[in-house]
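Keep in mind that what you see is a predicted model, and the values were worked out from it rather than measured.
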Amino acid sequence: MIEVSISKKLDDGAGNLNLCLAFTVNEGELLAVHGPSGAGKTSLIRMIAGLLQPDDGKITVAGQSWFHKEERINLKPQQRDIGVVFQDYALFPNMTVSENISYALGKDHSRDIVDEMLDFMELTNHRDKKPDLLSGGQKQRAALARSIVRKPKILLLDEPTSALDTALRFRMQDYIANIHTQFGLTTILVSHDMLEVARLASRVLVIEQGEVKASGLPKDVLPIKMLSEMIGRIS
């Protein structure tokens with residue numbers, strides 16, 4: 001279980017946002033964090049990943065403190081058993097797909113897992129290409145492969161399909177669902193896409209103005225009438 005109880009004062013460019021969040025994530029759950037731009041969703045992912053330090057509070061994973069202000073605990077990102085995918089892919093432009101995935105491995109890991117990831121993400125035929133020769137969907141699949149190559153327990157996804165068109169977005173969502181199930185992950189997905197949340201999430205956390213406004217099943221939290229209209233337009 002992931003237990004989060006944190007606060008952070010943020011400057012979003014339009015003023016200060018006081019982020020104050022408390023929630024839990026069960027093992028094996030796919031939790032979607034949903035809300036408008038500027039609500040603090042990406043900052044939350046960065047704090048869980050260890051890329052941004054909260055001002056106060058604690059983050060506990062399976063009984064281990066990853067961050068605890070009072071006890072002065074703040075594990076480095078590499079000490080946290082996570083995979084992270086941001087919406088800008090963050091692939092190294094001077095490395096091939098295979099090299100990008102391999103980079104995430106430690107020296108003691110077998111390179112056979114790289115071939116497994118390439119096959120799983122249908123990138124074997126693109127293994128020797130550099131990112132500038134890949135489509136948006138291929139780049140995102142490479143970023144996903146890199147994030148899970150060490151088989152982390154927790155996968156953090158920040159708007160992973162936002163830069164893709166509708167058809168590619170649905171296909172990428174299928175990859176995410178398969179990865180989550182096949183590797184037995186606990187996944188936190190940040191998304192403003194209501195349909196994506198409804199397709200993927202077992203539970204939704206709605207954040208507005210730095211606070212948790214609602215939590216529950218997609219059908220109980222999302223405006224279902226609007227969602228049904230969206231699905232009808234796509235069908």
Quick check: do Val33 and Ser191 have side-chain heavy atoms less than 4.5 Å from each other?
no
Least distance between heavy atoms, Phe183 atom then Lys151 atom:
CE2-CE, 3.9 Å
From CA spacing to verdict: side chain to side chain contact (heavy atoms under 4.5 Å, CB included), Asn125, Leu123
CA-CA 5 Å; Asn125 293 337; Leu123 289 169; over 6 Å; no
To the nearest 0.5 Å, what is the distance between CD1 (Ile59) and OG (Ser65)?
10.0 Å
Side chain proximity check, His192 to Ser37, heavy atoms < 4.5 angstrom:
no
Are there over 12 heavy-atom neighbours, none belonging to Gln78, within less than 6.0 Å of that residue's CD?
yes
Interatomic distance, CG@Leu10 vs NZ@Lys8, rounded to 0.5 Å, equals 6.5 Å
Main-chain N/O of Gly28 paired to His180 side chain as donor or acceptor, under 3.5 Å
yes
Report yes or no: do Asp56 and Ser7 form a side-chain donor-acceptor pair below 3.5 Å?
no
Close side-chain approach of Leu217 and Val204, heavy atoms under 4.5 Å:
no
Checking the side chain of Asp220 only, and the main-chain atoms of Gly216 only, is there a donor and an acceptor separated by less than 3.5 Å?
no
Does Gln79 have more than 12 heavy atoms from other residues, nucleotides or ligands lying within 6.0 Å of its CD?
yes
Any donor-acceptor pair under 3.5 Å from His34 side chain to Val206 backbone:
no
Shortest non-hydrogen separation from Ser102 to Val114 and the atoms involved:
OG-CG2, 3.4 Å
Measuring from atom CG of Leu44 to atom CZ of Phe23, what distance do you get when rounded to the nearest 0.5 angstrom?
4.5 Å
Stepwise, does the side chain to side chain contact (heavy atoms under 4.5 Å, CB included) test hold for Ile179 with Leu144?
CA-CA 9 Å; Ile179 286 170; Leu144 272 170; 4.2 Å; yes
Could you tell me whether Asp55 and Lys69 have a side-chain N and a carboxylate O separated by less than 4.0 Å?
no
Would you say the side-chain atoms of Ser215 pair up with the backbone N or O of Leu205, donor to acceptor, closer than 3.5 Å?
no
Hey, is the main chain of Trp66 close enough, under 3.5 Å, to the side chain of Arg80 for a donor-acceptor pair?
yes
Donor on one side chain, acceptor on other, Gln140 and Tyr175, under 3.5 Å:
no
Ile188 side chain near Ile2 side chain, heavy-atom distance below 4.5 Å
yes
Would Glu159 and Lys41 count as a side chain to side chain contact (heavy atoms under 4.5 Å, CB included) if you check the C-alpha gap in whole Å, the side-chain angles of each, and the deciding distance to 0.1 Å?
CA-CA 10 Å; Glu159 303 282 6; Lys41 303 186 301 297; 4.0 Å; yes
Ignoring hydrogens and geometry beyond distance, is a side-chain donor-acceptor pair present between Thr96 and Arg127 at under 3.5 Å?
no
Heavy atoms of other groups near Lys129 NZ, more than 12 under 6.0 Å:
yes
State, with a plain yes or no, whether a side-chain heavy atom of Arg141 is found less than 4.5 Å away from one of Lys139.
no
Contact summary for Leu19 and Ala39, nearest pair of heavy atoms:
CD1-O, 3.8 Å
Heavy-atom pair with the smallest gap, counting every atom of Ala104 and Arg150:
O-CD, 2.8 Å
Give a yes or no answer on whether the side chain of Asn100 reaches the backbone of Met95 with a donor-acceptor pair at less than 3.5 Å.
yes
Using a strict cut-off of less than 4.0 Å between a Lys/Arg side-chain nitrogen and an Asp/Glu carboxylate oxygen, indicate whether Arg171 and Glu122 qualify as a salt bridge.
yes
CA sep, side-chain torsions, deciding dist, call: Glu196, Arg169, salt bridge (Lys or Arg N to Asp or Glu O under 4.0 Å):
CA-CA 9 Å; Glu196 179 169 272; Arg169 190 176 301 131; 5.4 Å; no
Output the distance between atom CG (Leu157) and atom CZ (Phe86), rounded to the nearest 0.5 Å.
10.0 Å
Examine distances only and state if a side-chain atom of Glu116 and a backbone atom of Ile113 form a donor-acceptor pair shorter than 3.5 Å.
no
Is it true that atom CD of Glu27 has more than 12 heavy atoms of other residues, nucleotides or ligands lying nearer than 6.0 Å?
no
Leu21, Ile207, Leu52 screened by side chain to side chain contact (heavy atoms under 4.5 Å, CB included) with Ser43, the one that passes:
Leu52
What distance separates Gln182 CD from Ile148 CD1, expressed to the nearest 0.5 Å?
8.5 Å
Verify side chain to side chain contact (heavy atoms under 4.5 Å, CB included) between His126 and Leu134, making sure each step is shown before the conclusion.
CA-CA 8 Å; His126 306 286; Leu134 301 177; 4.1 Å; yes
Is the charged tip of Arg146 near the ring of Phe92: under 6.0 Å from the six-membered ring centre and within 45° of its axis?
yes
If only atom types and distance count, is the side chain of Ser135 paired as donor or acceptor with the main-chain N or O of Gln138 below 3.5 Å?
yes
Side chains of Lys153 and Ile82: does their closest heavy-atom pair fall under 4.5 Å?
no
So, do Pro93 and Asp132 sit near enough that their side-chain heavy atoms are less than 4.5 Å apart?
no
Rounded to the nearest 0.5 Å, how far does CG of Asn74 lie from NE2 of His68?
12.5 Å
Taking all atoms of both residues into account, what is the closest heavy-atom pair of Ala214 and Val221, and its distance?
CB-CG1, 4.1 Å
I want to check something: taking the side chain as every heavy atom from C-beta on, are Thr187 and Ile154 in contact at a cut-off of under 4.5 Å?
no
Ignoring hydrogens, what is the shortest heavy-atom contact between Ala143 and Val85? Give both atom names and the distance.
O-CG2, 3.7 Å
